[in-house]
Amino acid sequence: MSPLLQVTGLVKEYRAPHGLFGSRPVRVVDDVDLTVDRGETLGLVGESGSGKTTVARCVLGMTAPTAGSITFDGTDVLSLGRRARAEFRRRVQPVFQDPYASLDPRWTIGRSIAESLVAHRIGTPADRERRVRELLGQVGLPASSADRRPSQLSGGQRQRVGIAAALASGPDLIVADEPVSALDVSVQAQVLNLFAQLQRDLGVAILFVSHDMGVVEHISDRVTVLFHGTVVETAPAAQLFADPQHEYTRALLAAVPVPDPVGARIRRARRAARADPAALAP
Ligand SMILES: Nc1ncnc2c1ncn2[C@@H]1O[C@H](COP(=O)(O)OP(=O)(O)OP(=O)(O)O)[C@@H](O)[C@H]1O
């Protein structure tokens, strides 16, 4: 079966100012190939500036690639018509680093999540109210948080709302760009656990962008390593971390603190969640 998402030969150039002689193109993503299978989490890792966000933005259709192809479920996403594009947007949902920026501070959490349903013309108002409560439950928030505003929630709770909004349309793929980087380490573990649980329960695939090898190790089935805009290595997570092939991957791994506090917390939280599912609550 073909992959859910297939990125082939992706190139992105930006025009950078170049003194008196106008601008010249700067290639920040260069011939990137990656795939995400159905229900799989692919970690896309690299240092700041390696081009991870640019790849994610191209996949989400937020910026046009300079060259290359992106197919989703076998369809070329760079030449979609209006209706097909709306369906693509329903099936591929973003989760960003800072959910605060994407939540309207004047709206209740319930309204923000319901808005995703409205945008995709899903359900009647009564259906949406039910669905919002269900989504809040899925991300480990009490139904009462529907009446809260973003400022009344913690960073971890807000990211759970961001995830609920992404899940609202029933996506097949979530593109998560540094979704835990702004959170405290202990909260990171809880939110990563939530991603893992959702992937298991809902079968949603995740393109998980992070600069943090500790985070990527524990969430990914496979990992693609990006260095200066090019892919240097792709491998199953266990293999990549046990036996990295590329010098740059080894350098990234050497920078992971030992013992890895995020990993240890995730393992502890997973054990606790297995013993008591309520332990996943925020
Ligand atoms: N709109 C833009 N115009 C010009 N250059 C850009 C633009 N967006 C990104 N870049 C440049 O492209 C390169 C890759 O940026 P990108 O944000 O994709 O990297 P990243 O790996 O996600 O890093 P970070 O984690 O710091 O965001 C950087 O050098 C950045 O300055």
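The model shown is predicted, which means the values in this text are computed figures rather than measured ones. Counting starts at 1 for both ligands and their atoms, in listed order.
Nearest to atom 19 (O) of ligand 1 among the protein's heavy atoms is G51 N, 3.2 Å. The nearest heavy-atom contact from the protein to atom 20 (P) of ligand 1 is G49 N, 3.5 Å. For atom 17 (O) of ligand 1, the closest non-hydrogen atom on the protein side is T53 CB, 3.5 Å. With respect to atom 5 (N) of ligand 1, the closest heavy atom belonging to the protein is Y14 CD1, 3.4 Å. With hydrogens left out, the protein atom closest to atom 21 (O) of ligand 1 is K52 NZ, 2.8 Å, a heavy atom.
Remark: ligand 1 atoms within the under-4.0 Å shell around heavy atoms of S50 are 19 (O), 20 (P), 21 (O). Close approach to T54 involves these atoms of ligand 1, each under 4.0 Å from a residue heavy atom: 15 (O), 16 (P), 18 (O). Applying the 4.0 Å criterion to heavy atoms of E47 picks out, from ligand 1, the atoms 21 (O).
Contact analysis leaves G46 out of contact with ligand 1, as no non-hydrogen atom separation drops below 4.0 angstrom.
Considering only heavy atoms from C-beta on, H211 stays 4.5 Å or farther from S48 through its side chain.
More than 12 non-hydrogen atoms from other residues, nucleotides or ligands lie less than 6.0 angstrom from CD of E134. For H228, the NE2 atom is loosely surrounded, since the number of other residues' heavy atoms within 6.0 Å does not exceed 12.
If you check the side chains of R89 and S169, you find no donor sitting under 3.5 Å from an acceptor. Judged purely by distance below 3.5 Å, without hydrogens or angles, the side chains of E13 and T66 never pair a donor atom with an acceptor atom. Side-chain contact check for Y248 and E233: no donor-acceptor pair (N or O, by modelled atom type) lies under 3.5 Å. Between the side chains of Q188 and D212, no donor-acceptor pair of N or O atoms lies under 3.5 Å.
Taking 4.0 Å as the cut-off between side-chain N and carboxylate O, R38 and D73 count as a salt-bridged pair.
For atom 26 (O) of ligand 1, a protein heavy-atom neighbour is present inside the 4.0 Å cut-off.
Contacts of V28 with ligand 1, taken as heavy-atom pairs under 4.0 Å, involve the side chain alone.
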